[in-house]
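Note sheet for the following structure.
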Protein chains: 2
Amino acid sequence: MTVTVIAYHRAMGRWEPDARGRLAKAAMGLYAEQGFEQTTVAEIAARAGLTERTFFRHFADKREVLFYGTEMLRDLLTRAVADAPPSATALDAVGAAFEAACATMQENPERVRLRDAIVAANADLRERELIKLAALGAAVAGALRDRGIPDPAASLAAETGVAVFKIAFARWVSEPGQPDLPGAFRESMAELKGVLADRAPA
Amino acid sequence: MTVTVIAYHRAMGRWEPDARGRLAKAAMGLYAEQGFEQTTVAEIAARAGLTERTFFRHFADKREVLFYGTEMLRDLLTRAVADAPPSATALDAVGAAFEAACATMQENPERVRLRDAIVAANADLRERELIKLAALGAAVAGALRDRGIPDPAASLAAETGVAVFKIAFARWVSEPGQPDLPGAFRESMAELKGVLADRAPA
DNA sequence: CTCCTGATGTCAGTGACTGTCATCAGTCTA
DNA sequence: TAGACTGATGACAGTCACTGACATCAGGAG
């Protein structure tokens, strides 16, 4: 539909708000306004002043645009695991890493909550979220291995961290009054330890 | 895994081998022969002697046909959790449930391994698998709640069980000589407890 | 000025998935 | 047994996500 291509593409010598960012913003807006399924990629591209084809040059698919910050989060997690004190156990390091991640997310609570609402409303998006979380878990496991923790223990600790994070996040989202995501994570982590200490001796 | 629910639609009026089963069999075969992406739904339907439209009347999408036995597995897990002795802790009950599930899967190792190879080879299928596992975890958590275990502990124990199962299954798949899936699960579970007992007192 | 590069537009095509209506075989009822 | 009913299927058209191939166009390097 011949979108009036307003080409403020280059203003001075630099690039204006880059295409990727415009597409992501347009997508978020439309998903929030009309829902994910009701939004076509053509609409997103039009709002960004670009073509459908260009959208797919920047994002692998219609869902991926919502999982923009995952790489950043992954780097943050692996760095935090690496930076944990040598005395820390695997679970300690994992806990510290996810706490740091929680703190980062908390810097933009509205955005995080909006994104989560969009994702929660659609099954395909929930699937994508799960695989992203799994990827984060794998990255954390790798970072633990780099600390010298052998593989079964590393994977176990990482998966545990992800599981606790999921629960804490869900809890935080469900309580609009609760602003403390790192705190929610800490609590859930403590509860996990309680559950496991609770087990029967047999 | 695939042939489970043969609903002989009417006793004597008798449909031929039901459409759903034929479609599932055709799909498995084609996915194994040519790969998931290289197979079109039209091909599957043709091999089953049906139309593309009919495929989508029986399966929500092209992937779903590979996750045929999940409901059965879910029932098995929840029943096992319910049947655990009253003295069992949450983690004990979860462990017993997944061990039972492992035993069931072991009845058809080749089929399970083939299915896993197909799923592992494709990102979209891995996503679907993750959400199915998450659903199993949710079902187990529900069963724990029915046992009177409060929610954070129930979810935590269920997610832990799923995480351990994933690791044990991956290990079992990677070792063709290893026929003992329940044993692999038991071992991974024991390792988890070791990891957690290992944590620093602080 | 010209070649090269990188981002974009254009266009045609495939294939997953859906809505709708017709058909057809058994079943139930009168 | 005729006729209405039901449930599964076929036939068909349509939408839309996604891809490959090629043209274009601006800026930077030479």
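So that the names make sense, note that chain A is the first sequence line, chain B the second, and so on, each numbered from 1.
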Would you kindly give the [atom1]-to-[atom2] distance between [X] and [N], to the nearest whole Å?
X	N	atom1	atom2	answer
Glu52(A)	dT15(D)	CD	C1'	12 Å
Arg57(A)	dC18(D)	CZ	P	15 Å
Phe36(B)	dG15(C)	CZ	C1'	12 Å
Leu23(A)	dC18(D)	CG	P	14 Å
Arg53(B)	dA22(C)	CZ	P	16 Å
Gln38(A)	dT18(C)	CD	P	13 Å
Asp61(A)	dG15(C)	CG	P	19 Å
Leu125(A)	dA17(D)	CG	C1'	14 Å

task = Look at Lys62(A) together with Asp124(A) and state whether they make a salt bridge at an N to O cut-off of under 4.0 Å.
result =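 Asp124(A) and Lys62(A): not salt-bridged.
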
query = Which of the following nucleotides, dG9(C), dC18(D), dC16(D), is nearest to the side chain of Lys62(A)?
reply =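 Comparing dG9(C), dC18(D), dC16(D) against the side chain of Lys62(A), the answer is dC18(D).
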
query = Looking at the side chain of Phe56(A), which of dC18(D), dT8(C), dA16(C) is the nearest nucleotide?
reply =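 Closest nucleotide to the Phe56(A) side chain: dC18(D).
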
query = Of Leu50(B) and Glu37(A), whose nearest nucleotide on DNA chain D comes first from the 5' end?
reply =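 So the residue in question is Leu50(B).
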
message = More than 12 heavy atoms of other residues, nucleotides or ligands under 6.0 Å from CZ of Arg147(B): yes or no?
response =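 Enclosed: over 12 neighbouring heavy atoms sit under 6.0 Å from CZ of Arg147(B).
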
key: Expected output: side-chain Arg22(B) to main-chain Ala48(B) donor-acceptor under 3.5 Å   =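 Side chain of Arg22(B) to backbone of Ala48(B): a pair is present.
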
query = Do any N or O atoms from the side chain of Arg126(B) and from the backbone of Ile131(A) form a donor-acceptor pair under 3.5 angstrom?
reply =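 Such a contact is absent between Arg126(B) side chain and Ile131(A) backbone.
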
Using a cut-off of strictly less than 4.0 Å, decide whether [X] has a side-chain nitrogen or oxygen near OP1 or OP2 of [N].
X	N	answer
His58(B)	dT9(D)	yes
Thr40(B)	dT14(C)	no
Thr54(A)	dA7(C)	no

Test log, rule salt bridge (Lys or Arg N to Asp or Glu O under 4.0 Å), inputs Glu129(B) and Arg115(B) = CA-CA 11 Å; Glu129(B) 177 130 291; Arg115(B) 204 202 70 109; 2.6 Å; yes

inquiry  = Need one value for Thr51(A): base, sugar-phosphate or nothing, where a base atom within 4.0 Å counts as base even if backbone is also close, heavy atoms only.
reply    =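 Here Thr51(A) touches the bases of the nucleic acid.
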
